Structures are given as C-alpha cells and as structure tokens.
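See below for the structure under consideration.
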Amino acid sequence: MTGETGFVENAAALLARVRQQRPRVHCLMNTVVQKFVADGLAALGAIPSMTSSTEEVEAFAQRADALVVNLGTLDEGRRAAIRLATAVARSAHKPWIVDPVHCDYSPSRLAFARELIASGPSVLRGNASEMDIIGEANGVLKIKTGAVDELTLDRHTTRIENGHPFMAQVTGTGCLSGALIAAFMAVERDRLRAATGALLASGIAAEIAAQRSSGPGTFEAAFRDALAALRPEDIIANARISYAEG
Ligand SMILES: Nc1ncnc2c1ncn2[C@@H]1O[C@H](COP(=O)(O)OP(=O)(O)O)[C@@H](O)[C@H]1O
Ligand SMILES: Cc1ncsc1CCOP(=O)(O)O
Ligand SMILES: [Mg+2]
C-alpha cells in the first residue's frame with residue numbers, strides 16, 4: 001500500500017534529518033543505563049543530556065528539543081525533577097515520552113506513571129509487562145515493544161518486526177528506544193512517523209550488529225557501531241512493517 005511505503009521512505013528521510021539537525025535530547029534517566037543511552041543517542045547523531053537536579057532541570061529542558069522521562073530507579077528527587085521538566089515541555093510544546101520502567105513492580109510508581117500519562121505526553125513506551133498494567137492513555141501514542149513492536153494511536157496499529165533477541169539480553173535497549181523516539185520527534189512533529197522511524201532504525205541496526213556478534217557482550221558494542229553507520233537505504237531495504245485499523 002502507498003501508505004506503508006510512505007512510512008518507510010519517511011523513516012529513511014528522518015534518519016538523515018536527525019544526522020543533519022543533531023537534536024538535543026534531555027533525559028531524566030535511571031542510573032543503570034545513563035551512559036548506554038547517552039552513547040546510543042550520540043552514535044545515531046543526537047546530542048544527549050542527563051541532569052536530574054531540581055536546580056538545573058528546567059534550564060536543561062528549555063534548551064532541549066525533546067524530553068525523555070524514564071521511571072527506572074525512581075526516587076523523590078527524580079520525581080520532583082520530572083514534574084518540573086514536564087511542565088516546561090508542556091508549556092513550550094516540546095515532544096516528550098514516558099517510559100514507565102518496572103511500574104508493574106510498584107503501586108506508587110504505577111500511580112506516578114498514570115499521573116504523567118494524564119498530563120499528556122506525546123508517547124508512552126514500555127515492554128509488555130509494563131504496558132499490560134498501565135491502563136488507558138487517551139490521545140497518547142502507546143508503544144508496546146518486544147519481538148514485534150506495536151504502536152497504537154486511537155484505532156490505528158502499526159507493527160514493526162525488525163530487531164534481534166540479543167536486544168532482550170542487553171540492559172537499556174528499551175530505555176534507548178524511548179530516547180531514540182524522542183530524538184526523531186524533535187525533527188518530525190507527527191509522532192507516529194517519528195516513532196516508526198526510530199524503531200525501524202534501532203531494529204535494523206540491531207539486525208546488522210547481530211550478524212557481527214557472538215553474544216550480548218559483543219552485540220552491545222556492535223549495536224552502537226551499527227547505529228552510527230546506519231544509512232537511509234538500510235531502512236528502505238530491510239524494514240518489516242504492517243498496519244491494521246480497529
Ligand atoms: N525477542 C526480540 N526480538 C527482536 N527485538 C526485540 C526482542 N526483544 C526486545 N526487542 C527489542 O529490544 C528493545 C527493548 O524492548 P523490550 O525488551 O520490550 O523493552 P525493555 O528493555 O524496556 O524491557 C525494543 O527495541 C524491542 O524492539
Ligand atoms: C534493570 C533496571 N532497573 C532499574 S532501571 C533498569 C534498566 C532497565 O532498562 P531496559 O528497560 O531498557 O531494559
Ligand atoms: Mg524497559
């Protein structure tokens with residue numbers, strides 16, 4: 001279908017646009033994967049920042065082109081910083097994404113995730129365990145990642161099959177997918193097109209990296225190399241995507 005081809009060609013063009021515009025992505029990020037996520041953003045061509053101080057976070061959010069709100073290793077200071085940063089994103093109409101890490105483990109974290117969702121992020125991205133418990137997110141693009149990434153907005157569902165099982169054996173690939181979606185949203189206001197571009201880029205880079213890896217350890221470095229070397233034509237040649245309504 002023309003629409004399907006349009007999305008893939010658009011994804012390839014967005015990769016070039018990220019490289020050209022080098023968007024600034026501010027990440028309120030858990031302490032486990034900060035360097036992995038920063039390195040992944042930089043490899044693709046974006047400019048990461050990671051401050052969570054309540055004294056500085058509003059200035060960083062104002063300077064950024066997109067915001068990532070990641071709930072891993074959540075503490076009171078991060079909660080306060082997230083509230084300050086998301087207020088800036090909303091008032092400045094900047095795209096922002098919520099990753100409700102481990103919200104299925106903690107009722108207080110689930111409640112905070114739902115508070116953030118009610119305040120209108122552009123995108124909510126989580127794994128199956130997180131997305132199956134999170135509940136309604138009206139008007140938000142919901143993305144459930146896994147072997148097949150499922151992107152749902154209103155009654156439209158896009159499925160992306162690209163990726164590799166090694167990704168599930170490297171901590172941070174989900175957090176990075178959210179950060180890459182933010183980078184693409186910084187250069188494309190249509191969040192479905194932006195998220196499709198980011199997840200195609202990530203999944204295809206992973207497939208290329210896996211061909212050069214013998215396990216999750218070598219894969220992690222090869223994945224970063226593949227993100228840096230990925231070409232728009234790689235997306236067009238390898239995208240595996242389908243669409244459904246209803
Ligand atoms: N079995 C798999 N095959 C292909 N890609 C996968 C697989 N499992 C996870 N991924 C990819 O790895 C990334 C992390 O997904 P997921 O594991 O769902 O999130 P999290 O790391 O937050 O638990 C996503 O980009 C997803 O597409
Ligand atoms: C293991 C862990 N614990 C708190 S945050 C975190 C990282 C989660 O990363 P991802 O969801 O991308 O696997
Ligand atoms: Mg995760």
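Whatever order the structure lists ligands and atoms in, that order sets their numbers, starting from 1. Residues: numbered from 1 along the sequence shown. Note that this is a predicted model, so its numbers are computed, not measured.
The protein heavy-atom contact nearest to atom 13 (C) of ligand 1 is Thr173 OG1, 3.8 Å. Nearest protein heavy-atom neighbour of atom 23 (O) of ligand 1: Asn127 ND2, 2.9 Å. Ranking protein heavy atoms by distance to atom 27 (O) of ligand 1, first place goes to Asp149 OD1, 2.7 Å. In terms of protein heavy-atom proximity, atom 12 (O) of ligand 1 is closest to Met167 CB, 3.4 Å. Counting protein heavy atoms only, atom 2 (C) of ligand 1 is closest to Ala147 CA, 3.5 Å. Of the protein's heavy atoms, His164 N, 3.1 Å lies nearest to atom 4 (C) of ligand 1.
The closest heavy-atom contact to atom 11 (O) of ligand 2, among the options Cys175, Gly126, Gly72, comes from Cys175. Closest heavy-atom approach to atom 10 (N) of ligand 1 within the set Gly163, Gly178, Gly146: this belongs to Gly146. For atom 16 (P) of ligand 1, the nearest non-hydrogen atom from the set Val101, Leu180, Thr145 belongs to Thr145.
Ligand-side atoms of ligand 1 in range of Arg125: 19 (O), 22 (O), range being under 4.0 angstrom from any heavy atom. For ligand 1, the atoms sitting less than 4.0 Å from at least one non-hydrogen atom of Ala168 are 8 (N), numbered in the order shown with element in parentheses. Taking every heavy atom of Gly172 and a limit of under 4.0 angstrom, the matching atoms of ligand 2 come to 9 (O), 10 (P), 12 (O), 13 (O). In summary, the atoms of ligand 2 found under 4.0 Å from a heavy atom of Gly174, numbered by their order in the structure, are 12 (O). Which parts of ligand 2 touch Thr171 is read off a 4.0 Å heavy-atom cut-off, strictly below it: atoms 7 (C), 9 (O). For ligand 2, the atoms sitting less than 4.0 Å from at least one non-hydrogen atom of Asn30 are 5 (S), numbered in the order shown with element in parentheses. Counting the atoms of ligand 2 from 1 in the order shown, those under 4.0 Å from a heavy atom of His102 are 2 (C), 3 (N), 4 (C).
In terms of polar-atom proximity, Gly174 is counted as a contact of ligand 1, with an N or O under 3.5 Å from an N or O of the ligand. Looking at Val170 next to ligand 2, no N or O pair under 3.5 Å apart turns up.
Remark: the backbone N or O of Ala64 is paired with a side-chain donor or acceptor of Lys94 at under 3.5 angstrom. Side chain of Ser213 to backbone of Ala209: a donor-acceptor contact under 3.5 angstrom is found. The closest donor-acceptor contact from the side chain of Glu150 to the backbone of Arg159 lies at 3.5 Å or more, if one exists at all.
Contact check on Asp234 versus Arg231 returns a salt bridge, with a Lys/Arg side-chain nitrogen under 4.0 Å from an Asp/Glu carboxylate oxygen. A salt bridge between Glu207 and Arg240 is present, with a side-chain N of the basic residue lying under 4.0 Å from a carboxylate O of the acidic one.
At a cut-off of 3.5 Å, with distance as the only test, no side-chain donor of Ser49 or Arg24 sits close to an acceptor on the other residue. For the residue pair Ser106/Ser108, the side-chain donor-acceptor check at 3.5 Å is satisfied.
With values rounded to the nearest 0.5 angstrom, Arg109 atom CZ is found 7.0 Å from Thr73 atom OG1.
Classification of the Phe7-Tyr243 ring pair by plane angle, with boundaries at 30° and 60°, yields perpendicular. The aromatic rings of Phe166 and His164 sit tilted, their planes meeting at an angle between 30° and 60°.
Residue-level proximity to ligand 2 for Thr173 is carried by the backbone, the only part with a heavy atom below 4.0 angstrom.
The side-chain heavy atoms of Thr152 and Lys144, taken from C-beta on, include no pair separated by under 4.5 Å.
Here the shortest heavy-atom pairing between Val68 and Ala182 reads CG2-CB, 3.6 Å.
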